[in-house]
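Heads up: the structure comes next, in structure tokens.
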Amino acid sequence: MLNNLNIIQALEDDGLLGQFLEDQDSWAAWKGFLRAFFGLRPARGDLRRFKQCTGREKWPKDPAKEAWLAIGVRGGKSYVIALLATYLTVFKEYDLSPGEVGYVLIVAPSKRQAGIIKRYVSSFFHDNDFLRPFVKNETKEEIELNNGLAIAVLSSDYRSLRGYTAIAAIVDEVAYLNAEGQKPDLEVVRALRGRLMTTRGPLVCISSPYAKRGTLYDTHKRNFGKDDSPILVWQASSLTMNPTLSRDAIDQAHEEDPEGALADYDAQFRSDIESFVTREAVDAVTIPGRYEIPFIAGVSYTGFCDPSGGSKDSMTLAISHSEKKIKILDCIREVRPPFSPDQVVQDFASTLKSYHLSTVTGDRYGGEWPRERFRTHGINYRIGKKPKSDLYKEMLPLINSGEVEFLDHPRMINQLVNLERRTGRGGRDSIDHPPTGHDDLINAAAGALVSGKALRKAGPLFRDERR
């Protein structure tokens, strides 16, 4: 009976999933993890590796409720996710209501990563004689099977997870999730736990580790080495999980970037990356319900533009003014790709003119192109002298001292909160967005606020009147 076949038996059967594991010995560490996760009897070498990777002494007798894995890059994470999803939909049975579709939900940090996993899953079903007849329908994101189950591979917006009945959930690269929320990894995990509440299916979160924060780090800190925890935490280097990798190449990576290699290949959380600013500090200087301040006569404004070519990044514009010591953000604009750069320049020029501005500052992106296009529309484009990292550094004391006021713009605020401070090998700090993140909006805002001018003449305390 298929429902009596455990995952190791399926992986070692050449007519089933074993077809996709050419060298069974090189998958020994992954099979050891799967035995522990499903509460199967350990094989030779499993106990030693289990203690090494979990910090535990007792081999689990029952399946784990959740598994969180911190694995080095090129360790085979995405491939195992696809194999696990295939096993859970073909070789397990579930108690579902008539007509209800049970999903294995796979969440990835980007559409590109989701597409990689989806291609793995699709190839397993279409390239195997036993699995092929199970496919009922297939779309870009889903594979629906004729047994009432399906696999959905989605990007990381937690709002897209609503409406599914999940029999299992798998998160790829949970430490690198990017969404429009304060803590996207936590929001995604919380949403998935809600989808699993009725079926009581397993949750598996796999990632290369990143900074010492976030849900992966917190879960590791609370559960690693705890024999009585229902959450199994597994931490292993790239070579442990994939012994076919080149040790010489990994050694070279350690020589070139020791801190980065510790995270990438040794699966250690980075100590050289910290949060740039706290959410509490940002909330304290964000004015609820203030979305834009129109032009006021007698005020001297400053504009800053973060240009883009229109195919990848957003193009943004920010306008600010000062009232005594307070830097106030008046206007923020963003146009997301794809777009016509010429049309956006025209629109931004119109916005600048509405604040009686004839000059805007920006970075060196595009060489002469921004200056030429803005000049066409009557705006002088001036190259800023400071890199964005310096702009962020100068903005931080304004935030912490309450000498800045932000608009109520969630996307911009989230970009600010997600900025990271990195310490280089020479000890120099830099500020930038996290991997897969963006900072187009906050870059423009920081440029406008840091270079803002004082009032040309005395006036009322505008900021108090607009709260």
(request) Go through the steps to decide whether Val171 and Val204 satisfy the test side chain to side chain contact (heavy atoms under 4.5 Å, CB included), and finish with yes or no. (result) CA-CA 6 Å; Val171 185; Val204 179; over 6 Å; no

(request) Answer yes or no: is there an ion pair linking Arg375 with Glu372, defined by an N-O contact shorter than 4.0 Å? (result) no

(request) Verify side chain to side chain donor-acceptor pair (under 3.5 Å) between Asn414 and Arg279, making sure each step is shown before the conclusion. (result) CA-CA 9 Å; Asn414 288 328; Arg279 166 67 69 161; 2.7 Å; yes

(message) Looking at Ser229, is its backbone amide N or carbonyl O close enough to the side chain of Asn223 to form a donor-acceptor pair, meaning the two atoms are under 3.5 Å apart?
(response) no

(request) Could you tell me whether His356 and Phe295 have their ring centroids closer than 6.0 angstrom? (result) yes

(request) Walk me through it: do Tyr176 and Asp185 pass the test side chain to side chain contact (heavy atoms under 4.5 Å, CB included)? (result) CA-CA 8 Å; Tyr176 293 86; Asp185 53 346; over 6 Å; no

(message) Once you measure the plane-to-plane angle for Trp30 and Phe33, does it fall in the parallel (<30°), tilted (30-60°) or perpendicular (>60°) bin?
(response) perpendicular

(request) Measure the spacing between CD1 of Ile379 and OG1 of Thr359 and express it to the nearest 0.5 Å. (result) 7.0 Å

(message) Can you tell me how far apart CD1 (Ile106) and CD1 (Ile117) are? Round to the nearest 0.5 Å.
(response) 6.0 Å

(request) Show your reasoning for whether salt bridge (Lys or Arg N to Asp or Glu O under 4.0 Å) applies to Glu292 and Arg333. (result) CA-CA 10 Å; Glu292 188 165 314; Arg333 294 282 189 271; 2.7 Å; yes

(message) Looking at Ser237 and Thr240, would you say the former's side chain and the latter's main chain have a donor-acceptor pair under 3.5 Å?
(response) yes

(message) Check this for me: does any side-chain nitrogen of one of Glu142 and Lys136 sit under 4.0 Å from a carboxylate oxygen of the other?
(response) no

(request) Verify, without hydrogens or angle tests, whether Ser208 (side chain) and Asp264 (backbone) share a donor-acceptor contact under 3.5 angstrom. (result) no

(request) Nearest 0.5 Å please: distance from the CD1 atom of Ile296 over to the NE2 atom of His321. (result) 6.0 Å

(message) salt bridge (Lys or Arg N to Asp or Glu O under 4.0 Å) for Glu403 and Lys324? Distances and angles first, verdict last.
(response) CA-CA 10 Å; Glu403 296 180 357; Lys324 296 184 178 179; over 6 Å; no

(message) Out of the candidates Asp363, Asp440, Asp439, only one should pair with Lys388 under the salt bridge (Lys or Arg N to Asp or Glu O under 4.0 Å) rule; please name it.
(response) Asp439

(request) Determine yes or no for a side-chain-to-main-chain donor-acceptor pair under 3.5 angstrom, with Ser322 supplying the side chain and Lys327 the backbone. (result) no

(message) Go through it in stages, so that I can follow the logic: the residues are Arg336 and Ser314, the test is side chain to side chain donor-acceptor pair (under 3.5 Å), and I'd like the CA-CA distance, side-chain angles, deciding distance and then a yes or no.
(response) CA-CA 4 Å; Arg336 303 189 200 183; Ser314 295; 5.2 Å; no

(request) Could you tell me whether Arg213 and Glu420 make a salt bridge, using a distance below 4.0 angstrom between a side-chain N and a carboxylate O? (result) yes

(request) Taking Lys386 for its side chain and Val450 for its backbone only, find out whether a donor-acceptor pair lies under 3.5 Å. (result) no

(request) Applying side chain to side chain contact (heavy atoms under 4.5 Å, CB included), run through Ile231 and Phe224 and close with a yes or a no. (result) CA-CA 9 Å; Ile231 297 178; Phe224 187 82; over 6 Å; no

(message) Under a 4.0 Å threshold between the charged nitrogen and the carboxylate oxygen, would Glu138 count as salt-bridged to Lys118?
(response) yes

(message) Can a donor-acceptor pair be found, under 3.5 Å and without considering hydrogens, that links the side chain of Ser122 to the backbone of Arg119?
(response) no

(request) Examine Tyr210 together with Phe269 and report whether their ring centres are nearer than 6.0 Å. (result) no

(request) Check the surroundings of atom NZ in Lys65: do more than 12 heavy atoms from other residues, nucleotides or ligands lie under 6.0 Å from it? (result) no

(message) side chain to side chain contact (heavy atoms under 4.5 Å, CB included) for Ser275 and Arg421? Distances and angles first, verdict last.
(response) CA-CA 6 Å; Ser275 296; Arg421 183 188 299 273; over 6 Å; no

(request) First locate atom CG of Leu69, then atom CG of Leu232, and finally report the distance between them rounded to the nearest 0.5 Å. (result) 7.0 Å

(message) Going by side chain to side chain contact (heavy atoms under 4.5 Å, CB included), name the residues that satisfy it together with Leu357, two or more places apart in sequence or in a different chain.
(response) Tyr301, Ile319, Leu352, Tyr355

(request) Please work out whether the ring planes of Tyr164 and Tyr103 are parallel, tilted or perpendicular, with thresholds of 30° and 60°. (result) perpendicular

(message) Between Arg56 and Lys226 (side chain of the first, backbone of the second, donor and acceptor by atom type, cut-off under 3.5 Å), is there such a pair?
(response) yes

